[in-house]
Every structure is written in structure tokens, then in C-alpha cells.
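Notes follow once the structure below has been shown.
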Protein chains: 2
Amino acid sequence: MLPSENELAEEYNISRVTVRKSLSLLEQAGYIYSAPGKGYFIREPVTNKYILSFNEMNNTNGQSIFSKLLEVNVIPPDADLMNELKLPEERYVIVIKRLFFSDNTVVAYDEKYMPYEKGLPLVEREIKCATFPELACKNKSLFSIKKSLKIRSTTSQGNISKLLNIEDNHPLLEIEQKLYTADNKVIGWSKTYYLSEFLELNAYWSFGQNSYEMNDMSE
Amino acid sequence: MLPSENELAEEYNISRVTVRKSLSLLEQAGYIYSAPGKGYFIREPVTNKYILSFNEMNNTNGQSIFSKLLEVNVIPPDADLMNELKLPEERYVIVIKRLFFSDNTVVAYDEKYMPYEKGLPLVEREIKCATFPELACKNKSLFSIKKSLKIRSTTSQGNISKLLNIEDNHPLLEIEQKLYTADNKVIGWSKTYYLSEFLELNAYWSFGQNSYEMNDMSE
DNA sequence: TAGTGGTCTAGACCACAGC
DNA sequence: CTGTGGTCTAGACCACTAG
């Protein structure tokens with residue numbers, strides 16, 4: 001679909017290396033892709049992938065969040081928890097329950113679960129300020145983990161209403177986080193419930209800053 | 001912080017071009033960055049940017065959504081709309097209101113606004129199946145637009161409850177979309193309200209597939 | 001001034017598509 | 001078999017940084 005590297009090099013009187021450099025820039029930006037042995041082809045824009053900003057300990061405006069520990073425990077997991085953490089056997093699990101504050105008002109409630117391992121931090125002041133990856137990765141490199149989010153809308157009921165000091169049926173943004181090692185072992189699971197008026201997530205898409213790489217590239 | 005290109009080339013007995021290729025791979029993956037005239041430095045992991053999947057006309061499971069037009073109109077904008085669309089003067093605005101169905105049940109309500117331009121589609125069957133960028137970009141290239149999302153949790157009230165055929169106080173995922181041209185002119189604004197049980201957004205983060213590029217790279 | 005990364009050249013060999 | 005992209009080499013010159 002595009003002229004070959006050699007043709008381009010000849011047409012513009014530049015070396016093939018330079019042509020390749022230019023094409024690779026276009027490829028990185030998502031405009032084209034190469035098929036070895038065939039040639040270069042243009043790529044249709046991907047319109048369903050966005051860059052999402054999210055930081056557990058910062059809201060969208062960048063204000064810091066302070067946390068108050070409600071509970072830290074080591075418990076035997078129930079069936080549900082064993083399933084979420086994909087525990088092969090019945091291993092102990094660390095529970096951390098926290099409230100998040102911004103400007104001295106409650107803005108979120110947070111529950112985290114991690115398979116118990118020696119060396120994981122259980123010291124209050126460490127837990128208070130650490131982000132989820134830091135908590136679960138005491139011995140591992142931050143470079144080697146993966147993380148997934150699920151984002152839902154829900155409403156406050158019963159216990160959560162009380163903890164967040166709001167009426168029932170108040171809208172909440174529920175963010176479920178899962179941490180994985182490089183070999184897909186679950187090392188952490190958490191749910192955070194944000195007051196809807198406190199957290200609004202932002203995402204954006206624009207070409208050339210896109211995540212075209214992670215698409216099946218059917219021709 | 002890292003050995004220079006020449007040092008690496010000598011150490012491994014490979015050409016400098018090959019060293020540069022390797023380093024550029026690490027740079028693309030977000031592990032290092034280069035400072036011209038100085039050298040290469042390692043980059044701290046960015047943990048607050050995710051890849052979000054979202055498609056107005058598909059839910060997270062990939063099921064297609066069918067839409068039913070409630071209203072298509074050309075109206076003079078009110079103050080709020082002029083502000084959102086950043087209209088310099090009082091230009092007419094296209095309104096499209098739709099209901100989304102999946103498996104014959106209502107799953108979302110959608111409102112879209114676009115500054116009126118000649119050539120924009122106002123034909124029912126075109127509107128029904130088109131995505132937002134397609135609607136607003138009749139004359140422009142999909143390559144040249146930008147798009148931002150805001151994601152909130154809210155609850156159904158009054159009119160929206162009726163349209164969605166649910167009780168008041170039902171949790172909804174509200175997604176606000178804005179479309180821009182390359183020079184930041186607003187060409188579309190929309191709000192979609194999804195039943196919370198229908199839409200759950202997914203995002204993920206893993207190193208090397210990350211969006212490190214779009215960070216201020218303070219040293 | 002010496003060293004760094006950024007850019008470019010003119011070759012070479014390979015695995016792979018497609019005829 | 002020829003042409004494609006993928007990989008690699010051994011040079012060259014430039015702009016920039018830092019002592």
C-alpha cells in the first residue's frame with residue numbers, strides 16, 4: 001500500500017536507513033504498520049483506547065489524600081477472597097481497611113487484600129502513606145508488575161453509608177484494582193469507593209499519542 | 001547514569017547503531033530516557049496512567065448496542081451550551097438524543113451537541129449507527145481530532161429514570177465526551193448515562209505498554 | 001576541548017512473501 | 001526467483017554539555 005523502502009530512498013535521494021527511521025516514526029505514531037516480506041500499510045485509527053489518569057492517593061485536581069487506618073489484620077480467606085486472589089491453597093491474607101480524607105472530610109473508603117508473605121509491611125505508618133503497588137511489592141521491582149482497574153457506578157448502602165457519613169443511595173465511584181506479577185500471579189486486590197462529587201476520572205485520546213500497539217492488528 | 005553509547009559498543013563488540021537501536025527500544029518501553037550531550041538515565045516507573053477501553057456502541061463484553069433516535073434538531077444554544085462548545089457567537093447547534101439498547105432492553109441514554117455546519121449528517125439512518133467522531137467529522141480526517149472523556153458516578157432522577165425505565169436513585173455511569181480539532185476547537189459535546197449493571201469500564205497498566213511519553217520528564 | 005547523543009550514508013546479509 | 005522488510009556494520013558530521 002506504501003512504496004517500498006528502496007523506492008522511497010531512491011525517490012528522495014536519501015539512504016535506506018533514513019527511510020526506515022522515518023517510517024518507524026510513523027509506525028510508532030500509529031499511522032502505518034509493516035508486514036515483513038510484503039510492505040508498509042496504513043493503519044485505521046483506533047478510537048476505543050484512551051489514556052486514563054488515576055491515582056489512589058490524589059484526586060483529579062491533584063489534592064493529596066490522607067488516610068486513616070480502620071483495620072489491619074491477617075485472616076484466613078473465605079471462598080470469595082480465595083477466588084479473587086486465585087489462591088491455590090488456604091493461605092493467610094492481609095486485610096487493610098482505610099478511610100480517605102481530603103480537607104478533613106471523608107471522601108472514600110478502601111479495602112485491600114494481599115496474600116500474606118514474610119516481609120510485607122504491617123507497620124501503621126508504612127501502610128498509611130503507601131500506594132497499592134508499594135504495599136504489595138516490598139520485595140519485587142515496580143517494573144515487573146501489572147495492574148488492572150474496573151470502574152463502576154454504585155450507591156452507598158448500610159455500613160458504607162455510615163463509614164462515609166452519608167445517606168443511603170448516594171452515588172459512589174467504585175474502583176477495583178488488581179495487581180499481578182509478570183507471570184500473572186495475583187498479588188493484591190482492592191476496592192475503593194469514592195464519593196461521586198469528589199472523584200471524576202479523566203481520559204483522553206489523540207492520534208500519535210495512542211496505544212495502537214496493544215491491538216490485534218488484523219489486516 | 002548509564003554507560004555511553006560508545007562504551008557499550010566497545011564492551012559488547014557491536015556497532016554504535018545497534019547500541020542506539022537497543023537503547024531506543026528501552027526508551028520506547030519507558031525504562032530510560034536520553035539527555036543530549038549528557039547521556040542516558042533510568043526513568044522512574046509512572047504508575048498513574050492506564051489504558052482505558054471504551055466504545056460508545058459496544059459494551060465491555062463486546063456486545064453491540066442498537067440505538068433509537070428520540071430527537072434530532074437544530075437549535076439556538078443556551079448559555080450553558082455556548083460555554084461547553086466554546087461558541088464565539090450564537091451559532092445554531094445540532095442536538096441528538098438517543099436511547100441505547102442491548103438485547104432489546106434499554107441500557108443507556110445519550111445526548112450529543114455539535115455546532116451546526118453545512119454537510120453534517122442529519123439523516124436518520126446515518127445518525128443511528130455512527131460513532132461520535134464519525135458524526136462530527138464528516139468533512140475532517142479522523143486522524144486529526146482529539147477526544148477527552150470525563151467519567152462520573154451519578155443516580156437517575158426524574159426524566160432520565162422514565163427514559164431508562166428505572167426507579168429514581170438507580171446508579172448510573174455518566175460519560176461526558178468532548179471532541180476537538182487539532183487546534184482545540186470544540187466540535188462535539190455529549191453525555192451518556194449507562195445503567196451501572198450494564199457498563200463496567202476496564203483499564204490496565206503494565207510496564208513497557210505504558211504511556212510514559214506524555215509526562216513532564218523532570219530529571 | 002573532549003565527550004555525549006542525534007542524524008545520516010553506503011554498503012551487507014538474512015528470513016520471508018509471492019510468483 | 002525477486003523484492004520485501006529486519007538486522008547489522010564502520011564510518012562521518014553536527015549540536016550540545018561540561019570542565
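Each chain gets a letter, A, B and so on, in the order the sequences are listed, and its residues count up from 1. We use all heavy atoms of the structure for the numbers below, so side chains are in, but hydrogens, waters and symmetry mates are not.
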Residue whose closest nucleotide on DNA chain C lies nearer the 5' end, P36(A) versus E5(B): E5(B)
F100(B) and Y194(B) aromatic ring geometry - parallel, tilted or perpendicular at 30°/60° bounds: tilted
Plane angle bin for Y50(A) and W205(A) - parallel if under 30°, tilted between 30 and 60°, otherwise perpendicular: perpendicular
Separation of [X] atom [atom1] from [N] atom [atom2], in whole Å?
| X | N | atom1 | atom2 | answer |
| --- | --- | --- | --- | --- |
| N13(B) | dT7(D) | CG | P | 21 Å |
| R16(A) | dG5(D) | CZ | P | 7 Å |
| M1(A) | dG5(D) | CE | C1' | 18 Å |
| I14(B) | dA10(D) | CD1 | P | 11 Å |
| E7(A) | dT2(D) | CD | P | 17 Å |
| E10(B) | dT4(C) | CD | P | 11 Å |
| L2(B) | dT4(C) | CG | P | 13 Å |
| L8(B) | dG3(C) | CG | P | 16 Å |

Where L87(A) and P77(A) come nearest, the two heavy atoms and their spacing: CD1-CG, 3.9 Å
Closest approach of K49(B) to S53(A) (non-hydrogen atoms, all atoms of both residues): NZ-OG, 3.4 Å
Min side-chain heavy-atom separation L99(A)-L69(A) under 4.5 Å: no
Qualifying residue for salt bridge (Lys or Arg N to Asp or Glu O under 4.0 Å) with E56(B), from K147(B), R98(B), K191(B): R98(B)
Who pairs with dT2(D) - Watson-Crick or G-U, where each distance is under 3.5 Å: none
Complement of dT9(C), any strand, by Watson-Crick or G-U distances under 3.5 angstrom: dA10(D)
OP1 or OP2 of [N] less than 4.0 angstrom from a side-chain nitrogen or oxygen of [X], does that happen here?
| X | N | answer |
| --- | --- | --- |
| N6(B) | dG3(C) | no |
| K21(B) | dT7(D) | yes |
| K38(A) | dC16(C) | no |
| Y40(A) | dG6(D) | yes |
| R20(B) | dG6(C) | yes |
| S34(B) | dG6(C) | yes |
| Y12(B) | dC8(D) | no |
| S4(A) | dG3(D) | no |

Which nucleotide in [options] has an atom nearest any side-chain atom of [X]:
| X | options | value |
| --- | --- | --- |
| V17(B) | dG5(C), dT7(C), dA10(D) | dA10(D) |
| S15(B) | dA10(D), dG5(D), dG5(C) | dA10(D) |
| T18(B) | dG6(D), dG5(C), dC8(D) | dC8(D) |

Sugar-phosphate only, base, or nothing, as touched by L23(B) at under 4.0 Å among non-hydrogen atoms: nothing
